[in-house]
Amino acid sequence: MKIAITASGASLDAPLDPRFGRAARFIVVDTATGGFTVHDNTQNLNAAQGAGIQAAETVSQLGAELVITGHCGPKAFRALQAAGIQVVTGATGKVYEAVERLQKGELQPSTSADVEGHWA
Amino acid sequence: MKLAIASGKGGTGKTTVALCLALSADGPVRLLDCDVEEPNCHLFLKPEIRHREPVMLPVPVVDAAKCDGCGKCRQLCQFNAIAVLKGKAVVFPELCHSCGGCVKVCPTHAIREVECEIGFVEQGTSNGVEFVTGSLNVGQPLAPAIIRAVKRHANGDGLTILDCPPGTACAMVASVRDADHVLLVTEPTPFGLHDLKLAVDTVRELKRSFSVVINRADIGDNRVLDYCRAENIPVRLQIPEGRRIAEAYSRGEPVLAAAPELQEKFRQLLAEVTG
Amino acid sequence: MKELVILSGKGGTGKTSVAASFAALARNAVFADADVDAADLHLVLHPEIQVRHKFRSGHEAVIRQADCLRCGACLAHCRFDAVRMDGKEDGEATFTIDPSACEGCGVCVELCPAEAIDFPERMCGEWFVSQTRFGPLVHARLRPAGENSGKLVTQVRTEARRIAERKARNLIVVDGPPGIGCPVIASVTGASAVLAVTEPTVSGEHDLARVFKLARRFGVPAFVCVNKWDINPAMTERIEQQAAAAGATVVGRIPYDRAVTDAQVNGQPVVEFSKGPAAQHIQQLWEHLWKSLV
């Protein structure tokens, strides 16, 4: 399974970025192979509005089936749902720690947005 | 005649001036509260609302059966209101500015528009003043659309007074851009002067005729007067700071009742700017 | 690190005077003026600008007259009354875009048969990183009709936070925008606390309720202080009761005092300019608030 994690750096030991739409980067980890790719999110970072929706489109195009992040607003959540992508919110720490915790079953996908959407 | 009451800074007495002018007018007058994010005129005028109508804007709806996911609509949309997810365009109406572009560029005619309510306009009367106000539904970003809807109720050739939103951003511009005259309300303080200059820049850029009212005229210093003199901007009225006025305002009572001597001055002001 | 955002709902309640006094009272803070529509904090803090940045947001349509076919397609497609036609008939008229009405939607750009409409980024204002005698200040200036102050507010806050981290400052004081719209939301998300400065008037009361709603929705603890409270003591009591009922903490009152205006005229924070009643109460307010924050 491919997992997209919001990251403030470009490696697996980078801290997780708590924002979804305005995350600095997405790191996509393939749990089958253990390999990962890094994707810049600069374009959405500077968007005047709708960053979460476009970020959902980005991770969907990257083939992710699950997103791990800190917070996710209602519009981004709806977009991820429409793309059939599960969302885990409230994650902290480093990128690889989030993946490990997910694999141990310590992180559960949420059923709704956890913050009001807007500039954050 | 559309007379807009504006100010760079909030809290200078814009609403007070708008209300006093409306209540001092001799003939029929209509007061439009264009400050749709913080409408306050009704708190003082306490009008009886006779009519309420929704403000509708067309927003796109995608027919998934016809959409082939080409993404042309998404590319056009400047407001990020459309995403292509799992090969289909998905619309987020809360971000839509209702420009209609996606409908026009869709090669498979998969997008049509439906009317969506973004707020409402209310009409009423109080003390001989025809009153119109608008309010934006919570979470809606499109104040200018409501302002345009409120302004459609302007009084034709008769006198219409517009209480405008503070600042110099898009909502203020949407309110004053077609006014026949703009009265800028300020206070004689450094903050008042600084924000007055921004407002002057804006109305000059919009090529509006304008003049100034100084509220709480006996506080602060003379720099606003000096500035207006140097820039050849007429100062129409100076309203003194008075505890009577401040207290009446704080209770939501008409300022003219507390300071009846002001009525004649407002009448003169109206004659000057409408004459 | 704590971030305190000062809001008012209605404008002109003394928010900036309180923010300026906090600047003088805080020992180790960074300041941000997020009231980008009518930024006034600099008039009291007298910043020396060190870095200037242009702020661009969105786009605006501009017709290249040399390539325009005068067909009027742009006029027909524009839903924002932004296309002006001078002259009567198609083929002879001149078409121009009124930048104050252009929404930046790009529909005319896309549908112009001659591709004669450019779509440059819109220059909306500037933001600055400055030094004051109380500490660093990040502030901004929006151009007339400049849009999207939510984005600018976020930029100002982000920079203030970066400076605070780099210089190990323990507090950011943000002078927030009036209202409850996009810029206010942008100034509140993720902050440690909101201080609402209001006045005892029907408008103050009306707008304050909306500020509390907003703070609660974003999970930020709210504090309240009534300025010029003695103008209407009964209304002050009522506002304080409503604030408490809405989950906010009453942290103080400021009496009406002309020294507040005199300090502004003198370009100084009131706590520095005067030892009078307003200055004393702002000092107490600050001490209460600081205790609650840490």
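Throughout, protein chains are lettered first and strands after them, A, B, ... in sequence-line order, and every chain is numbered starting at 1.
When heavy atoms are compared at a cutoff of 4.5 Å, C:E199 approaches chain B solely by way of its side chain, counted from C-beta outward. For C:D35, no part sits under 4.5 Å from any heavy atom of chain B, backbone or side chain. B:P166 does not touch chain C: none of its heavy atoms, backbone or side chain, sits under 4.5 Å away. Contact of C:H77 with chain B is made through backbone and side chain together, with heavy-atom distances under 4.5 Å. Neither the backbone nor the side chain of B:R216 comes within less than 4.5 Å of any heavy atom of chain C. Both the backbone and the side chain of B:F191 come within less than 4.5 Å of a heavy atom of chain C. Interface residue B:S98: backbone and side-chain heavy atoms are both found under 4.5 Å from chain C. Heavy atoms of C:A234 lying under 4.5 Å from chain B are absent altogether. No part of C:T13 comes within reach of chain B, as not one of its non-hydrogen atoms sits under 4.5 angstrom from that chain.
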(request) Check the pair C:H206 / B:H42 against side-chain contact (heavy atoms from CB on, under 4.5 Å), numbers first and verdict last. (result) CA-CA 11 Å; C:H206 180 251; B:H42 65 281; 4.2 Å; yes
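The list of salt bridge (Lys or Arg N to Asp or Glu O under 4.0 Å) pairs with a residue in residues 245-257 of chain B, not counting sequence neighbours, reads B:R243-B:E247, B:R251-B:E253.
Looking only at heavy-atom pairs under 4.5 Å with chain C, the residue among B:Q75, B:E205, B:E113 that has the most is B:E113. The most heavy-atom pairs under 4.5 Å with chain B, out of C:S100, C:S8, C:G267, C:P177, come from C:S100. Taking C:P200, C:C105, C:G104 one by one and counting their heavy-atom pairs under 4.5 Å with chain B, the maximum is reached by C:C105. Ranked by heavy-atom pairs under 4.5 Å with chain C, the list B:P190, B:P165, B:G101, B:G252 is led by B:P190.
Heavy-atom minimum distance, C:E103 versus B:F79: O-CZ, 3.7 Å. What you find for B:P58 and C:R79 is that their closest heavy atoms are CG-NH1, 3.5 Å. Annotation for B:L76 and C:G106: closest pair CD1-O, 3.8 Å, computed over non-hydrogen atoms.
Using a 4.5 Å heavy-atom cutoff, the side chains of B:N40 and C:D207 are in contact. Side-chain contact between B:R177 and C:D98 is present, with heavy atoms from C-beta onward closer than 4.5 Å. Between C:E110 and B:K104 the shortest side-chain heavy-atom distance does not fall below 4.5 Å. Using a 4.5 Å cut-off on side-chain heavy atoms (C-beta onward), C:L142 and B:T168 make no contact. Put simply, the side chain of B:S250 does not reach to within 4.5 Å of the side chain of C:V202, judged on heavy atoms. The closest side-chain heavy-atom distance from C:V107 to B:V105 is not below 4.5 Å.
Checked for salt-bridge contact, C:D81 and B:R148 miss the test: no charged N lies under 4.0 Å from a carboxylate O. At a threshold of 4.0 Å, the pair C:K228-B:E241 does not count as salt-bridged, since none of the basic side-chain nitrogens sits closer than that to a carboxylate oxygen.
Crowding of C:E115 atom CD: a count of heavy atoms from other residues, nucleotides or ligands under 6.0 Å not exceeding 12. By the neighbour-count criterion of 12 heavy atoms within 6.0 Å, atom CZ of B:R112 is sparsely surrounded, having that number or fewer from other residues, nucleotides or ligands. Heavy atoms from other residues, nucleotides or ligands lying under 6.0 Å from NZ of B:K46 number more than 12.
Residue C:T201 holds its OG1 atom at 9.0 Å from CG of B:L43, rounded to the nearest 0.5 Å.
For B:A246, the side chain to side chain contact (heavy atoms under 4.5 Å, CB included) test picks out C:I231, with sequence neighbours left out. Listed by chain and residue number, C:H53 satisfy the ring-ring contact (aromatic ring centres under 6.0 Å, His included) test with C:W127 (two or more places apart in sequence, or in another chain).
Along residues 218-228 of chain B, the residues that come nearer than 4.5 angstrom to chain C, judged on non-hydrogen atoms, are B:D218, B:I219, B:G220, B:D221, B:R223 in order of number.
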